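This structure is a prediction, so every number in the text was calculated from the model and none was measured. By convention here, the first residue in the shown sequence is residue 1.
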Amino acid sequence: SYTPPINPDPEKYPFMLCSGARLPNVLHSRLHGSPWQRSLLPDPVVEINPADCEKMGIENGDEIEIITSIGSLTFKANPTHTVNPGQLFVYHGYPEKDINSIIPYRELCDPYSGYPAYRSVYCAVRRVD
């Protein structure tokens with residue numbers, strides 16, 4: 001069974017960021033430039049649990065910053081119960097908000113196989129005022 005990597009600094013990085021899922025209306029990122037396809041979800045969003053939003057004073061559409069050990073990006077918040085507390089979810093395919101640019105995949109390797117973690121990382125979140 002899957003076990004997530006151990007968080008080396010839970011105080012600094014209390015959230016697990018998951019990325020890479022594809023939107024059902026696009027083929028990877030190729031159709032994301034089509035105006036009709038892009039209109040279905042025009043802005044890159046971060047899905048976050050409503051309980052986490054309540055704790056941090058985040059509301060739907062607020063700008064929030066995701067911070068990792070190598071960088072940060074801002075997204076609009078999309079509170080949803082489909083994401084567990086303590087997790088964040090970002091869709092693949094928005095070149096202007098390339099989530100892979102802040103995932104330190106070389107630092108996070110599976111201890112058994114050595115495979116780098118391309119789709120998840122511990123991170124921090126803050127509301128942008």
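You'll find the side chain of I67 stays beyond 4.5 Å of the side chain of V125, heavy atoms only. Using a 4.5 Å heavy-atom threshold, the side chains of S19 and Y91 count as separate. Side-chain contact between V121 and I102 is absent, with no heavy-atom pair separated by less than 4.5 Å. The side-chain heavy atoms of I48 and V83, taken from C-beta on, include no pair separated by under 4.5 Å. Side-chain atoms of I99 and L17, non-hydrogen and from C-beta on, do get closer than 4.5 Å to each other. In this structure the side chain of F75 never reaches within 4.5 angstrom of the side chain of V45, judged on heavy atoms. Annotation: side chain of L88 is not in contact with side chain of E47 (no heavy-atom distance under 4.5 Å).
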Please determine whether side-chain contact (heavy atoms from CB on, under 4.5 Å) holds for the pair S120 and M16, giving the CA-CA distance in whole Å, both sets of side-chain angles, and the decisive distance to 0.1 Å. CA-CA 7 Å; S120 62; M16 171 57 85; 3.7 Å; yes
side-chain contact (heavy atoms from CB on, under 4.5 Å) between K76 and V46: does it pass, once the steps are laid out? CA-CA 6 Å; K76 289 185 179 182; V46 57; over 6 Å; no
Would F15 and D52 count as a side-chain contact (heavy atoms from CB on, under 4.5 Å) if you check the C-alpha gap in whole Å, the side-chain angles of each, and the deciding distance to 0.1 Å? CA-CA 10 Å; F15 286 87; D52 291 328; 3.4 Å; yes
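Residue D62 holds its CG atom at 8.0 Å from SG of C53, rounded to the nearest 0.5 Å. Interatomic distance, E96 CD to D43 CG, rounded to the nearest 0.5 Å: 8.0 Å. Atoms CD1 and SG, from I103 and C123 in turn, are 9.0 Å apart once rounded to the nearest 0.5 Å. With values rounded to the nearest 0.5 angstrom, Q87 atom CD is found 5.0 Å from C18 atom SG. The CD1 atom of I64 sits 11.5 Å away from atom CG of L73, with the distance rounded to the nearest 0.5 Å. The distance from the OH atom of Y122 to the CG atom of D9 is 11.5 Å, given to the nearest 0.5 Å.
Residues A124 and K12 come closest through the heavy atom pair CB-O, 3.4 Å. Of all non-hydrogen atoms in A77 and I58, the two that sit nearest each other are CB-CG2, 3.5 Å.
Environment of CD in E63: crowded, with over 12 heavy atoms of neighbouring residues, nucleotides or ligands closer than 6.0 Å.
No side-chain donor-acceptor contact under 3.5 Å links E65 and T74.
Hydrophobic clustering, with ILVMFWY side chains joined whenever heavy atoms are under 4.5 angstrom apart, groups I66 together with M56.
The backbone N or O of P95 lies less than 3.5 Å from no partner atom in the side chain of D98, so there is not a single donor-acceptor pair. With N49 contributing its side chain and G86 its backbone, the two residues share no donor-acceptor pair below 3.5 Å.
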